[in-house]
Novice: 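Please find one structure pasted underneath; my questions will follow.
Letters A, B, ... mirror the listed sequences (proteins, then strands); counts begin at 1.
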Number of protein chains: 2
Amino acid sequence: MSERPEQRKDPVDAIIDQWATVRPDLDTAAMEVFGRIYRLSRAMGERTEKAYARFGIGRGEFDVLATLRRAGEPYTLSPRQLSATLMLTTGGMTGRLDKLERAGLLRRSPDPHDRRGLKVTLTDKGLELIDEAVGAGLAVQTEALSGLDDGQAGQLSELLRELLRTTEDRQD
Amino acid sequence: MSERPEQRKDPVDAIIDQWATVRPDLDTAAMEVFGRIYRLSRAMGERTEKAYARFGIGRGEFDVLATLRRAGEPYTLSPRQLSATLMLTTGGMTGRLDKLERAGLLRRSPDPHDRRGLKVTLTDKGLELIDEAVGAGLAVQTEALSGLDDGQAGQLSELLRELLRTTEDRQD
DNA sequence: ACCAAGTAGCTTAGCGCTAAGCCACTTGCC
DNA sequence: GGCAAGTGGCTTAGCGCTAAGCTACTTGGT
């Protein structure tokens with residue numbers, strides 16, 4: 001089974017090998033893919049967290065600011081739109097907005113068309129911060145990807161899109 | 001820029017397009033890869049969580065049992081080895097072990113060679129449960145991967161290994 | 001043999017999330 | 001026009017994690 005003396009040797013291979021020893025009946029091919037996806041996600045999460053810390057925000061707050069920034073002028077969305085986009089409960093959203101509002105990075109104001117609702121708007125300070133922070137985050141990710149050449153990166157991106165597309169259809 | 005009328009259309013593409021509109025200066029290639037990795041990790045986390053719920057455990061507890069199982073007979077490791085393997089603080093480990101011990105799936109006993117330490121051992125019930133649960137988890141992952149053919153899956157796995165290897169070297 | 005430094009596991013405080021429930025307001029049906 | 005059902009945002013309780021600090025024990029230098 002261990003042909004390819006090439007590289008091998010990543011933590012997921014070690015786990016796969018252990019399973020092969022104690023449970024040779026298992027087909028662990030899928031675990032190899034998703035195990036790596038899990039570890040990459042976690043490692044990059046920590047790394048980008050550090051990049052954002054310099055701006056006094058965490059990954060969660062970054063995502064809120066970035067979503068407002070991407071929406072374009074006037075950088076306004078409702079808490080509901082934000083929590084839906086970020087796959088977050090409204091309770092979690094309330095906490096993030098409190099923190100960002102306290103830091104002066106966004107502003108809550110009543111929705112003129114619906115007295116239940118709010119509008120959340122980026123302040124000038126928030127706009128300035130997110131425009132710098134998004135660059136810093138991208139730099140970290142670009143650096144991490146630089147171990148692959150452009151062809152490999154493109155191929156990886158397409159395979160991931162295909163996988164994401166097919167798995168998100170089959171929703172629970 | 002939007003050649004390829006082919007498929008496109010995944011949530012990450014939508015985000016990339018938004019950035020291209022409001023910040024055309026940004027190079028978002030890396031974000032395309034890591035954004036998909038993040039979403040896949042999250043989606044599969046939820047799905048496997050559901051598969052394990054049937055056995056009365058969560059993903060965290062599953063990982064503890066699986067690590068003991070992979071270690072082979074006599075299915076014994078120290079809390080320290082477990083928390084190191086699972087990238088968890090000792091505090092977090094204590095909580096998981098409490099829960100699993102209460103459920104009768106493992107047993108804590110003093111380490112005969114070091115009176116500071118413990119040995120954590122799978123019970124028969126724990127062994128039986130993890131052997132079933134690992135199959136259920138693999139089934140979910142295999143199903144999710146089935147949208148790709150074997151060639152694509154293999155290619156993806158190798159690209160991910162390469163990426164994981166190069167990014168884990170460059171530690172913070 | 002002794003003592004400083006290191007290590008194992010647990011405890012506590014704090015954080016950010018979810019799930020469930022609340023009130024205020026809006027919508028749609030009669 | 002009035003009322004049931006739906007929706008938006010907030011609050012609370014509970015969960016699992018980290019970071020920091022504790023005690024008990026071990027190790028290594030002198």
Novice: How does protein contact run along nucleotides 1-14 of chain D, one letter per nucleotide 5' to 3', with B for base contact, S for sugar-phosphate only, - for none, heavy atoms under 4.0 Å?
Specialist: -----BBSSBB---
Novice: What salt bridge (charged side-chain N to carboxylate O under 4.0 Å, His left out) pairs are there with at least one residue in residues 69-86 of chain A, not counting sequence neighbours?
Specialist: A/R69-A/D131
Novice: Exactly one of B/T21, B/T28, B/D10 should register a side-chain contact (heavy atoms from CB on, under 4.5 Å) with B/I16. Which one does?
Specialist: B/T28
Novice: Measuring from atom CG of B/L160 to atom CZ of B/R165, what distance do you get when rounded to the nearest 0.5 angstrom?
Specialist: 13.5 Å
Novice: Between A/R59 and B/Y38, is NZ or CZ placed under 6.0 angstrom from the six-membered ring centre and within 45° of the ring axis?
Specialist: yes
Novice: Which salt bridge (charged side-chain N to carboxylate O under 4.0 Å, His left out) pairs, counting each pair once, include a residue from residues 115-130 of chain A, with sequence neighbours left out?
Specialist: A/D114-A/R116
Novice: Rounded to the Å, how far apart are B/F62 CZ and D/dG16 C1'?
Specialist: 19 Å
Novice: Closer than 4.0 Å, any side-chain N/O of A/K99 to the OP1 or OP2 of C/dG16?
Specialist: yes
Novice: For residues 100-144 of chain B, pull every pair meeting ring-ring contact (aromatic ring centres under 6.0 Å, His included), keeping only residues two or more places apart or in separate chains.
Specialist: none
Novice: What is the distance from NZ of A/K50 to C1' of D/dT18, rounded to the nearest Å?
Specialist: 14 Å
Novice: Nearest whole angstrom, please: distance from the C1' of C/dT18 to the CZ of A/R96.
Specialist: 12 Å
Novice: Distance check needed: D/dC15 P versus B/E49 CD, whole Å only.
Specialist: 15 Å
Novice: Calculate the interatomic distance between B/M87 atom CE and D/dT18 atom P; express it in whole Å.
Specialist: 10 Å
Novice: Go through the structure and list residues passing side-chain hydrogen bond (donor to acceptor under 3.5 Å, both in side chains) with A/T76, not counting sequence neighbours.
Specialist: A/T121
Novice: Give the residues of residues 37-45 of chain B touching DNA chain D, defined as any heavy atom closer than 4.0 Å, sorted by residue number.
Specialist: none
Novice: How long is the line joining NE2 of A/H113 and P of C/dT27, in whole Å?
Specialist: 12 Å
Novice: Judged by atom type as modelled, is there a donor-acceptor pair below 3.5 Å linking the side chain of A/E32 to the main-chain atoms of A/A29?
Specialist: no
Novice: Take atom CG of B/D111 and atom P of D/dA24, then tell me their distance rounded to the nearest Å.
Specialist: 19 Å
